[in-house]
Amino acid sequence: MEVRINQIRNLLQDKGLDAILLYKPENRRYVSNFTGSTGYVLITKELAQFITDFRYTQQAEAQCKGFEVVEMSKLKPVTDVIKNYSIKKLGIEEDYVAFGQYLEFKEKLENVEFVPLEGTITKLRSIKSQEEINLISKAAEIADEAFQHILQYIKPGLKEREVALELEVFMKKRGASNLSFDSIVASGNRSSLPHGVASDKIIEKGDLVTLDFGCVYQGYCSDMTRSFVMGEATERQKEIYYTVLEAQEKSLQSVRPGIKGVELDKIARDIISDKGFGEYFGHGLGHGVGLEVHELPHVNGLGDVPMEPGMIITIEPGVYIPDYGGVRIEDLVVVTENGYEVLSKSTKELIELKI
Ligand code: ZN
Ligand code: ZN
(Lines give C-alpha, C1' and ligand atoms only; values in the text may rest on other atoms or scores of the structure.)
(Ligands and ions follow the chains in the order given, each with its own letter.)
Protein backbone atom coordinates (compact mmCIF):
# COMPACT_ATOMS: atom_id res chain seq x y z
CA MET A 1 0.00 0.00 0.00
CA GLU A 2 3.08 2.25 -0.24
CA VAL A 3 1.69 4.07 -3.28
CA ARG A 4 -1.51 4.99 -1.52
CA ILE A 5 0.24 5.98 1.70
CA ASN A 6 2.34 8.33 -0.41
CA GLN A 7 -0.75 9.71 -2.12
CA ILE A 8 -2.14 10.54 1.32
CA ARG A 9 1.16 12.16 2.36
CA ASN A 10 0.96 14.37 -0.73
CA LEU A 11 -2.50 15.40 0.42
CA LEU A 12 -1.10 16.37 3.83
CA GLN A 13 1.31 18.63 2.02
CA ASP A 14 -1.32 20.14 -0.31
CA LYS A 15 -3.79 20.84 2.47
CA GLY A 16 -1.27 21.91 5.12
CA LEU A 17 -2.34 19.12 7.50
CA ASP A 18 -0.36 17.27 10.18
CA ALA A 19 -2.38 14.08 9.85
CA ILE A 20 -5.35 12.44 8.16
CA LEU A 21 -7.78 10.11 9.93
CA LEU A 22 -9.89 7.81 7.73
CA TYR A 23 -12.58 5.35 8.71
CA LYS A 24 -15.25 5.42 6.03
CA PRO A 25 -15.06 1.72 5.05
CA GLU A 26 -14.34 2.27 1.35
CA ASN A 27 -11.66 4.92 1.96
CA ARG A 28 -10.11 2.84 4.73
CA ARG A 29 -9.97 -0.21 2.49
CA TYR A 30 -8.61 1.79 -0.44
CA VAL A 31 -5.67 3.10 1.56
CA SER A 32 -4.95 0.13 3.86
CA ASN A 33 -6.44 -2.95 2.16
CA PHE A 34 -8.31 -3.75 5.41
CA THR A 35 -11.62 -5.57 4.81
CA GLY A 36 -12.95 -5.72 8.38
CA SER A 37 -15.60 -3.49 9.91
CA THR A 38 -13.73 -1.51 12.58
CA GLY A 39 -10.53 0.46 12.30
CA TYR A 40 -8.92 3.85 11.72
CA VAL A 41 -6.18 4.80 9.30
CA LEU A 42 -3.93 7.49 10.78
CA ILE A 43 -1.27 8.92 8.49
CA THR A 44 1.20 11.67 9.36
CA LYS A 45 4.41 12.66 7.59
CA GLU A 46 6.29 10.00 9.56
CA LEU A 47 3.64 7.49 10.66
CA ALA A 48 1.22 5.11 8.98
CA GLN A 49 -0.86 3.42 11.65
CA PHE A 50 -3.85 1.14 11.50
CA ILE A 51 -5.75 1.43 14.77
CA THR A 52 -8.21 -1.35 15.54
CA ASP A 53 -9.49 -3.47 18.42
CA PHE A 54 -8.55 -6.96 19.60
CA ARG A 55 -10.97 -8.67 17.19
CA TYR A 56 -9.10 -7.37 14.16
CA THR A 57 -5.43 -6.94 15.08
CA GLN A 58 -4.33 -10.24 13.49
CA GLN A 59 -6.30 -9.52 10.32
CA ALA A 60 -4.86 -6.02 10.12
CA GLU A 61 -1.29 -7.35 10.52
CA ALA A 62 -1.91 -9.63 7.56
CA GLN A 63 -3.74 -7.15 5.30
CA CYS A 64 -2.34 -3.70 6.00
CA LYS A 65 1.13 -3.79 4.47
CA GLY A 66 3.22 -0.75 5.31
CA PHE A 67 1.13 0.04 8.41
CA GLU A 68 1.99 -0.31 12.07
CA VAL A 69 -1.01 -1.96 13.75
CA VAL A 70 -2.02 -0.31 17.03
CA GLU A 71 -4.57 -1.85 19.37
CA MET A 72 -7.35 0.27 20.80
CA SER A 73 -10.13 -0.69 23.23
CA LYS A 74 -13.12 0.81 25.03
CA LEU A 75 -10.71 2.06 27.70
CA LYS A 76 -8.15 3.26 25.17
CA PRO A 77 -10.16 4.81 22.33
CA VAL A 78 -8.72 6.12 19.09
CA THR A 79 -8.52 9.64 20.57
CA ASP A 80 -5.98 8.36 23.16
CA VAL A 81 -3.78 7.11 20.32
CA ILE A 82 -4.07 10.40 18.41
CA LYS A 83 -3.21 12.35 21.56
CA ASN A 84 0.26 10.77 21.59
CA TYR A 85 1.32 12.87 18.63
CA SER A 86 1.57 16.61 18.28
CA ILE A 87 -1.22 16.92 15.71
CA LYS A 88 -2.64 20.41 15.29
CA LYS A 89 -4.53 20.06 12.03
CA LEU A 90 -6.30 16.76 11.40
CA GLY A 91 -8.13 15.99 8.15
CA ILE A 92 -11.38 14.05 8.65
CA GLU A 93 -14.14 12.73 6.41
CA GLU A 94 -16.82 15.34 7.00
CA ASP A 95 -19.32 13.36 4.93
CA TYR A 96 -18.90 10.30 7.14
CA VAL A 97 -18.04 11.37 10.70
CA ALA A 98 -21.25 11.21 12.74
CA PHE A 99 -22.17 14.24 14.83
CA GLY A 100 -21.81 12.33 18.13
CA GLN A 101 -18.34 11.16 17.17
CA TYR A 102 -17.38 14.68 16.18
CA LEU A 103 -18.45 16.02 19.58
CA GLU A 104 -16.37 13.32 21.23
CA PHE A 105 -13.35 14.16 19.07
CA LYS A 106 -13.71 17.84 19.97
CA GLU A 107 -13.99 17.11 23.66
CA LYS A 108 -11.07 14.69 23.86
CA LEU A 109 -8.78 16.39 21.35
CA GLU A 110 -9.32 19.96 22.44
CA ASN A 111 -6.13 21.31 20.83
CA VAL A 112 -6.77 19.76 17.44
CA GLU A 113 -8.32 21.66 14.55
CA PHE A 114 -10.53 19.41 12.40
CA VAL A 115 -10.33 20.08 8.67
CA PRO A 116 -12.82 18.62 6.18
CA LEU A 117 -11.16 16.50 3.49
CA GLU A 118 -13.87 17.56 1.03
CA GLY A 119 -13.98 14.32 -0.87
CA THR A 120 -10.29 14.31 -1.79
CA ILE A 121 -9.98 10.58 -1.05
CA THR A 122 -13.05 9.88 -3.17
CA LYS A 123 -11.39 11.85 -5.98
CA LEU A 124 -8.25 9.71 -5.69
CA ARG A 125 -10.43 6.62 -5.89
CA SER A 126 -12.06 7.74 -9.15
CA ILE A 127 -9.02 6.68 -11.20
CA LYS A 128 -8.57 2.93 -11.04
CA SER A 129 -5.40 0.83 -11.15
CA GLN A 130 -5.24 -2.14 -13.54
CA GLU A 131 -5.87 -4.44 -10.59
CA GLU A 132 -9.04 -2.57 -9.69
CA ILE A 133 -10.19 -2.61 -13.33
CA ASN A 134 -9.71 -6.39 -13.36
CA LEU A 135 -11.86 -6.85 -10.25
CA ILE A 136 -14.65 -4.64 -11.60
CA SER A 137 -14.48 -6.52 -14.93
CA LYS A 138 -14.94 -9.76 -13.03
CA ALA A 139 -17.95 -8.33 -11.15
CA ALA A 140 -19.39 -7.24 -14.52
CA GLU A 141 -18.78 -10.67 -16.00
CA ILE A 142 -20.70 -12.35 -13.16
CA ALA A 143 -23.60 -9.94 -13.75
CA ASP A 144 -23.59 -10.69 -17.50
CA GLU A 145 -23.77 -14.43 -16.78
CA ALA A 146 -26.59 -13.82 -14.32
CA PHE A 147 -28.54 -11.92 -16.98
CA GLN A 148 -28.20 -14.83 -19.43
CA HIS A 149 -29.42 -17.14 -16.71
CA ILE A 150 -32.43 -14.97 -15.87
CA LEU A 151 -33.53 -14.85 -19.51
CA GLN A 152 -33.93 -18.64 -19.27
CA TYR A 153 -35.51 -18.50 -15.83
CA ILE A 154 -38.06 -15.69 -16.05
CA LYS A 155 -41.62 -16.47 -17.07
CA PRO A 156 -45.12 -15.05 -16.61
CA GLY A 157 -46.53 -15.96 -13.19
CA LEU A 158 -43.29 -15.41 -11.26
CA LYS A 159 -43.08 -12.61 -8.72
CA GLU A 160 -40.48 -9.90 -9.20
CA ARG A 161 -39.02 -10.94 -5.84
CA GLU A 162 -38.42 -14.47 -7.09
CA VAL A 163 -36.41 -13.11 -10.02
CA ALA A 164 -34.39 -10.91 -7.65
CA LEU A 165 -33.65 -13.89 -5.40
CA GLU A 166 -32.56 -16.01 -8.37
CA LEU A 167 -30.20 -13.23 -9.48
CA GLU A 168 -28.70 -13.04 -6.00
CA VAL A 169 -28.19 -16.77 -5.57
CA PHE A 170 -26.68 -17.07 -9.04
CA MET A 171 -24.17 -14.28 -8.51
CA LYS A 172 -23.16 -15.46 -5.03
CA LYS A 173 -22.56 -18.99 -6.32
CA ARG A 174 -20.14 -17.50 -8.82
CA GLY A 175 -18.05 -15.75 -6.21
CA ALA A 176 -19.87 -12.49 -5.48
CA SER A 177 -19.75 -11.58 -1.80
CA ASN A 178 -22.80 -9.37 -1.98
CA LEU A 179 -25.14 -7.38 -4.20
CA SER A 180 -24.04 -3.88 -5.22
CA PHE A 181 -27.57 -2.76 -4.14
CA ASP A 182 -31.05 -4.29 -3.81
CA SER A 183 -31.78 -5.56 -7.31
CA ILE A 184 -34.33 -3.62 -9.32
CA VAL A 185 -36.88 -5.87 -10.98
CA ALA A 186 -39.62 -3.62 -12.33
CA SER A 187 -42.25 -5.11 -14.62
CA GLY A 188 -45.28 -3.76 -16.47
CA ASN A 189 -46.42 -0.39 -15.16
CA ARG A 190 -43.81 -0.62 -12.41
CA SER A 191 -41.04 -0.35 -15.02
CA SER A 192 -41.78 3.38 -15.04
CA LEU A 193 -40.27 3.52 -11.53
CA PRO A 194 -36.58 4.26 -12.11
CA HIS A 195 -35.76 2.59 -8.78
CA GLY A 196 -38.47 -0.06 -8.60
CA VAL A 197 -36.93 -2.54 -6.17
CA ALA A 198 -38.40 -6.04 -6.70
CA SER A 199 -41.92 -6.36 -5.27
CA ASP A 200 -44.63 -9.02 -4.98
CA LYS A 201 -46.02 -8.03 -8.39
CA ILE A 202 -46.50 -10.98 -10.69
CA ILE A 203 -44.79 -10.72 -14.06
CA GLU A 204 -47.25 -10.93 -16.92
CA LYS A 205 -47.21 -11.52 -20.66
CA GLY A 206 -46.59 -8.30 -22.55
CA ASP A 207 -44.78 -6.60 -19.66
CA LEU A 208 -41.73 -4.49 -20.20
CA VAL A 209 -39.27 -5.70 -17.57
CA THR A 210 -36.29 -3.69 -16.32
CA LEU A 211 -33.52 -5.45 -14.40
CA ASP A 212 -30.91 -3.20 -12.78
CA PHE A 213 -28.44 -5.08 -10.65
CA GLY A 214 -24.83 -5.80 -9.88
CA CYS A 215 -22.59 -7.64 -7.50
CA VAL A 216 -19.57 -7.05 -5.31
CA TYR A 217 -16.44 -9.03 -6.17
CA GLN A 218 -13.49 -8.70 -3.78
CA GLY A 219 -14.85 -5.37 -2.63
CA TYR A 220 -15.57 -3.92 -6.09
CA CYS A 221 -19.02 -3.33 -7.57
CA SER A 222 -20.63 -3.88 -10.93
CA ASP A 223 -23.83 -2.25 -12.17
CA MET A 224 -25.87 -3.00 -15.30
CA THR A 225 -29.41 -2.57 -16.59
CA ARG A 226 -31.32 -4.25 -19.37
CA SER A 227 -34.99 -3.91 -20.30
CA PHE A 228 -36.84 -6.53 -22.34
CA VAL A 229 -40.36 -7.61 -23.25
CA MET A 230 -42.26 -10.68 -22.04
CA GLY A 231 -43.43 -11.67 -25.50
CA GLU A 232 -43.73 -9.59 -28.64
CA ALA A 233 -43.08 -5.88 -28.28
CA THR A 234 -45.76 -3.38 -29.26
CA GLU A 235 -44.92 -0.47 -31.58
CA ARG A 236 -44.86 1.91 -28.64
CA GLN A 237 -42.57 -0.33 -26.60
CA LYS A 238 -40.24 -0.51 -29.61
CA GLU A 239 -40.28 3.25 -30.08
CA ILE A 240 -39.27 3.81 -26.46
CA TYR A 241 -36.66 1.06 -26.54
CA TYR A 242 -34.92 2.27 -29.70
CA THR A 243 -34.92 5.87 -28.46
CA VAL A 244 -33.13 4.83 -25.27
CA LEU A 245 -30.77 2.57 -27.22
CA GLU A 246 -29.78 5.35 -29.60
CA ALA A 247 -29.16 7.73 -26.69
CA GLN A 248 -27.15 5.06 -24.87
CA GLU A 249 -24.98 4.16 -27.85
CA LYS A 250 -24.30 7.74 -28.99
CA SER A 251 -23.29 8.91 -25.53
CA LEU A 252 -21.24 5.74 -24.95
CA GLN A 253 -19.37 6.21 -28.23
CA SER A 254 -18.39 9.72 -27.11
CA VAL A 255 -16.59 8.52 -23.98
CA ARG A 256 -12.92 9.51 -24.14
CA PRO A 257 -10.34 11.34 -22.03
CA GLY A 258 -11.14 15.04 -21.77
CA ILE A 259 -14.91 14.89 -22.25
CA LYS A 260 -16.94 15.97 -19.22
CA GLY A 261 -19.82 14.12 -17.60
CA VAL A 262 -22.16 17.00 -18.34
CA GLU A 263 -21.31 16.78 -22.06
CA LEU A 264 -22.01 13.03 -22.18
CA ASP A 265 -25.27 13.63 -20.34
CA LYS A 266 -26.30 16.26 -22.91
CA ILE A 267 -25.65 13.94 -25.88
CA ALA A 268 -28.09 11.37 -24.51
CA ARG A 269 -30.59 13.97 -23.30
CA ASP A 270 -30.75 15.76 -26.67
CA ILE A 271 -31.55 12.52 -28.49
CA ILE A 272 -34.31 11.62 -26.04
CA SER A 273 -35.73 15.16 -26.16
CA ASP A 274 -35.70 15.22 -29.97
CA LYS A 275 -37.88 12.11 -29.94
CA GLY A 276 -40.34 13.87 -27.62
CA PHE A 277 -39.50 11.93 -24.47
CA GLY A 278 -37.40 14.61 -22.76
CA GLU A 279 -39.70 15.01 -19.76
CA TYR A 280 -39.50 11.26 -19.09
CA PHE A 281 -35.72 11.14 -18.57
CA GLY A 282 -35.50 12.64 -15.10
CA HIS A 283 -32.18 11.34 -13.78
CA GLY A 284 -28.51 11.81 -14.66
CA LEU A 285 -26.83 9.76 -17.40
CA GLY A 286 -24.53 7.80 -15.11
CA HIS A 287 -22.01 7.72 -12.27
CA GLY A 288 -18.60 6.42 -11.29
CA VAL A 289 -18.35 2.86 -9.93
CA GLY A 290 -15.70 1.26 -7.73
CA LEU A 291 -15.62 0.25 -4.08
CA GLU A 292 -18.96 2.06 -3.93
CA VAL A 293 -21.60 1.58 -6.57
CA HIS A 294 -22.12 5.35 -6.80
CA GLU A 295 -18.92 7.34 -6.62
CA LEU A 296 -17.00 9.97 -8.55
CA PRO A 297 -16.82 11.13 -11.26
CA HIS A 298 -20.23 12.72 -11.80
CA VAL A 299 -21.75 11.76 -15.15
CA ASN A 300 -24.66 14.19 -15.00
CA GLY A 301 -25.38 17.90 -14.90
CA LEU A 302 -22.74 18.31 -12.18
CA GLY A 303 -20.04 16.56 -14.19
CA ASP A 304 -17.51 19.34 -14.78
CA VAL A 305 -14.40 17.15 -14.38
CA PRO A 306 -12.81 15.94 -17.63
CA MET A 307 -12.69 12.15 -17.98
CA GLU A 308 -9.31 10.50 -17.45
CA PRO A 309 -8.00 7.06 -18.40
CA GLY A 310 -8.79 4.58 -15.62
CA MET A 311 -12.11 6.12 -14.65
CA ILE A 312 -14.98 3.62 -14.59
CA ILE A 313 -18.45 5.00 -15.24
CA THR A 314 -21.94 3.89 -16.18
CA ILE A 315 -23.91 5.12 -19.17
CA GLU A 316 -27.60 4.58 -18.39
CA PRO A 317 -30.22 6.74 -20.04
CA GLY A 318 -33.87 5.81 -19.55
CA VAL A 319 -37.41 6.81 -20.46
CA TYR A 320 -40.14 6.30 -17.85
CA ILE A 321 -43.77 6.93 -18.71
CA PRO A 322 -46.05 6.96 -15.67
CA ASP A 323 -48.80 4.31 -15.68
CA TYR A 324 -47.29 2.77 -18.77
CA GLY A 325 -43.74 1.57 -18.30
CA GLY A 326 -40.13 2.36 -18.92
CA VAL A 327 -36.83 1.33 -20.43
CA ARG A 328 -33.28 1.81 -19.19
CA ILE A 329 -30.08 0.46 -20.72
CA GLU A 330 -26.92 0.64 -18.63
CA ASP A 331 -23.36 -0.37 -19.43
CA LEU A 332 -20.26 -0.22 -17.26
CA VAL A 333 -17.39 1.44 -19.14
CA VAL A 334 -13.68 2.10 -18.57
CA VAL A 335 -12.18 5.30 -19.96
CA THR A 336 -8.99 4.32 -21.86
CA GLU A 337 -6.15 6.35 -23.44
CA ASN A 338 -7.93 6.30 -26.80
CA GLY A 339 -11.57 6.14 -25.84
CA TYR A 340 -13.41 3.51 -23.87
CA GLU A 341 -13.87 -0.17 -23.24
CA VAL A 342 -17.27 -1.62 -22.37
CA LEU A 343 -17.24 -4.09 -19.47
CA SER A 344 -20.93 -5.09 -19.77
CA LYS A 345 -21.09 -7.58 -22.62
CA SER A 346 -24.81 -8.47 -22.63
CA THR A 347 -26.64 -7.78 -25.87
CA LYS A 348 -28.53 -4.51 -26.29
CA GLU A 349 -30.70 -5.79 -29.15
CA LEU A 350 -34.36 -5.64 -28.16
CA ILE A 351 -35.16 -8.97 -26.50
CA GLU A 352 -38.71 -10.28 -27.07
CA LEU A 353 -38.81 -13.40 -24.93
CA LYS A 354 -40.60 -16.41 -26.39
CA ILE A 355 -43.09 -17.40 -23.72
ZN1 ZN B 1 -27.73 0.25 -12.28
ZN1 ZN C 1 -26.06 2.76 -12.23
Side-chain angles (χ1 to χ4, degrees), residues 26 122 125-126 128 133 135-148 150 160 163-164 167-168 170-171 176 178-187 190-199 208-217 220-228 241 244-245 247-249 251-252 255 261-262 264-265 267-269 272 281-303 307 311-320 325-335 340-348 351:
E26 295 83 7
T122 327
R125 281 175 30 210
S126 68
K128 273 69 183 177
I133 294 171
L135 294 175
I136 295 171
S137 303
K138 178 67 186 172
E141 188 185 312
I142 295 171
D144 276 328
E145 288 172 6
F147 182 62
Q148 280 314 307
I150 287 298
E160 292 172 352
V163 174
L167 269 174
E168 178 168 0
F170 185 95
M171 293 193 290
N178 216 335
L179 302 175
S180 299
F181 51 89
D182 287 339
S183 300
I184 290 169
V185 180
S187 63
R190 290 192 80 248
S191 61
S192 72
L193 304 172
H195 270 198
V197 168
S199 75
L208 262 171
V209 179
T210 293
L211 300 184
D212 184 352
F213 63 99
C215 68
V216 182
Y217 184 77
Y220 284 84
C221 297
S222 63
D223 186 8
M224 69 172 277
T225 307
R226 289 293 184 270
S227 296
F228 54 89
Y241 191 89
V244 174
L245 182 60
Q248 205 273 347
E249 292 194 320
S251 50
L252 174 64
V255 173
V262 63
L264 292 170
D265 184 282
I267 292 166
R269 206 164 294 283
I272 290 174
F281 175 28
H283 60 71
L285 179 66
H287 51 87
V289 175
L291 287 165
E292 290 177 276
V293 70
H294 292 127
E295 58 178 49
L296 294 178
H298 291 297
V299 187
N300 54 31
L302 300 174
M307 294 294 148
M311 286 181 168
I312 296 194
I313 59 171
T314 68
I315 300 289
E316 50 177 311
V319 165
Y320 315 91
V327 167
R328 176 165 65 254
I329 303 171
E330 174 179 29
D331 280 333
L332 196 54
V333 186
V334 191
V335 183
Y340 65 95
E341 186 196 337
V342 181
L343 300 179
S344 316
K345 312 287 187 197
S346 296
T347 183
K348 290 185 276 190
I351 298 169

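Only a predicted model underlies this, so the values are computations on that prediction, with no experimental measurement involved. Every number for a ligand or one of its atoms is a count from 1 in the order of the listing. Positions are given from 1 along the sequence.
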- What is the name of the N/O/S atom in E316 that sits closest to the Zn ion (ligand 2)? OE2

- Task: Fit a plane to each ring of Y320 and H283, take the angle between them on a 0 to 90° scale, and name the class: parallel (under 30°), tilted (30 to 60°) or perpendicular (over 60°).
- Result: tilted

- Main-chain N/O of S199 paired to E160 side chain as donor or acceptor, under 3.5 Å: yes

- Message: Looking at the Zn ion (ligand 1), is there an N, O or S atom belonging to D212 that lies under 2.8 Å away from it?
- Response: yes

- Query: Below 4.5 Å, heavy atoms only, C-beta onward: do S344 and E330 meet side chain to side chain?
  - Reply: no

- Message: Please determine whether a side-chain nitrogen of the Lys or Arg among E26 and R125 lies less than 4.0 Å from a carboxylate oxygen of the Asp or Glu.
- Response: no

- Message: Only N/O/S atoms count here: what is the atom of D223 closest to the Zn ion (ligand 2) called?
- Response: OD2

- Message: Only N/O/S atoms count here: what is the atom of E330 closest to the Zn ion (ligand 1) called?
- Response: OE1

- Within less than 2.8 Å of the Zn ion (ligand 2), any N, O or S from H287? yes

- Please check if the side chain of D265 supplies one atom and the backbone of G284 the other of a donor-acceptor pair under 3.5 Å. no

